[in-house]
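To keep things clear, I will list the structure first and then write my remarks on it.
Per chain, numbering begins at 1; letters A, B, ... match sequence-line order. A quick note: this is a predicted structure, and the numbers were derived from the prediction, not measured. We use all heavy atoms of the structure for the numbers below, so side chains are in, but hydrogens, waters and symmetry mates are not.
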Amino acid sequence: MIASRKHGFIFIKTMKTAGTSIELALSTVCGPDDILTPIGVEHDRLRADAGIEPRNFSDTLEARYLKALRKRNNKLMRPVLRELEASGLWAHALPDAIKARVGRKFWKSAVKVASERHPYEKALSRAYHSYRKTTPFAEHLDRVVFEERFYIGHRYYIQGGKVIAGFFVRHNLLNEDFARLCNRLALPSLKLP
Amino acid sequence: TPARDVLSPSQRDFIYEQCAPEFELFGWER
């Protein structure tokens, strides 16, 4: 999740929709007061190598995470990431958690951006990436579909029957939509990694 | 292979039930 006061947008990160690519690209134009939640051990290390650190995401966990990140200590980073997920304000934060952090006024005025993809493709993508060959693939796919349900997207951008996102980056039109987003937010034309 | 063809009919039906609002919003095929 990114909340950029500098550019007036909030990026709500759904799952399995190229959200990390979008987040990495948008991170490069954020200011010191913007909120950048951690992405995960590997991506945060990559982002830190480029001089970009997560920031302003937690009053209690941030110092610990940054200390661990600066030491490139994965073992210390992981428990903080788990605590952050439990707190609700993590990479895939839902609207209410974001609203609580950024405040009602900015929440209302910001362009809320989300990426989305056909749920069948999201389910398959998740199943392929998480498959460890310890069970038959069909069984694993059943677990992804019927139990994990990471493909559900609407809770990130529909509240009380109303669509709260003002801009969608569609996975099947990723580059085109991202270019339109940069244009809409008056950002330089950014490249998706 | 399209995702639709890998998933079973019961898996597709379940996903559709869970994701009805986004199917409607984006006009996706079931």
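- Applying the side chain to side chain contact (heavy atoms under 4.5 Å, CB included) criterion to A/F106, with sequence neighbours excluded, gives A/A3, A/R5, A/I10, A/V102, A/S109, A/A110.
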**OP:** Please test A/R64 against A/L61 for side chain to side chain contact (heavy atoms under 4.5 Å, CB included), starting from the C-alpha separation and ending with a verdict.
**Re:** CA-CA 6 Å; A/R64 249 174 80 203; A/L61 298 170; 3.8 Å; yes
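- The parts of A/L141 that come within reach of chain B are both its backbone and its side chain, each placing non-hydrogen atoms under 4.5 angstrom from that chain.
- Checked for salt-bridge contact, A/R126 and A/E148 meet the test: a charged N lies under 4.0 Å from a carboxylate O.
- When the side chain to side chain contact (heavy atoms under 4.5 Å, CB included) test is applied to B/R4, the partners found at least two apart in sequence or on another chain are A/H118, A/Y120, B/R12, B/E29.
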**OP:** Check the pair B/E22, B/W28 against side chain to side chain contact (heavy atoms under 4.5 Å, CB included), reporting the backbone distance first and the verdict last.
**Re:** CA-CA 8 Å; B/E22 51 260 49; B/W28 286 316; 3.7 Å; yes
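- Contacts between B/S10 and chain A at a heavy-atom distance below 4.5 Å involve backbone atoms as well as side-chain atoms.
- Between A/D33 and A/R55 there is no salt bridge, since no side-chain nitrogen of the basic residue lies less than 4.0 Å from a carboxylate oxygen of the acidic one.
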Original post:
For A/E121 and A/R117, what are the C-alpha separation, side-chain angles and deciding distance, and is it a salt bridge (charged side-chain N to carboxylate O under 4.0 Å, His left out)?
Top reply: CA-CA 7 Å; A/E121 292 174 17; A/R117 180 182 191 183; 3.5 Å; yes
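- Side-chain N/O atoms of A/Y157 and A/E116 include a donor and acceptor closer than 3.5 Å.
- At a heavy-atom separation below 4.5 angstrom, chain B is approached by A/V163, A/F168, A/R170 within residues 161-183 of chain A.
- A side-chain donor from one of A/T20 and A/K13 sits under 3.5 Å from a side-chain acceptor of the other.
- Heavy-atom neighbours of chain B within the stretch residues 69-100 of chain A, taken at a separation under 4.5 angstrom, are nonexistent.
- Heavy-atom contacts from other residues, nucleotides or ligands closer than 6.0 Å to CD of A/Q159 number more than 12.
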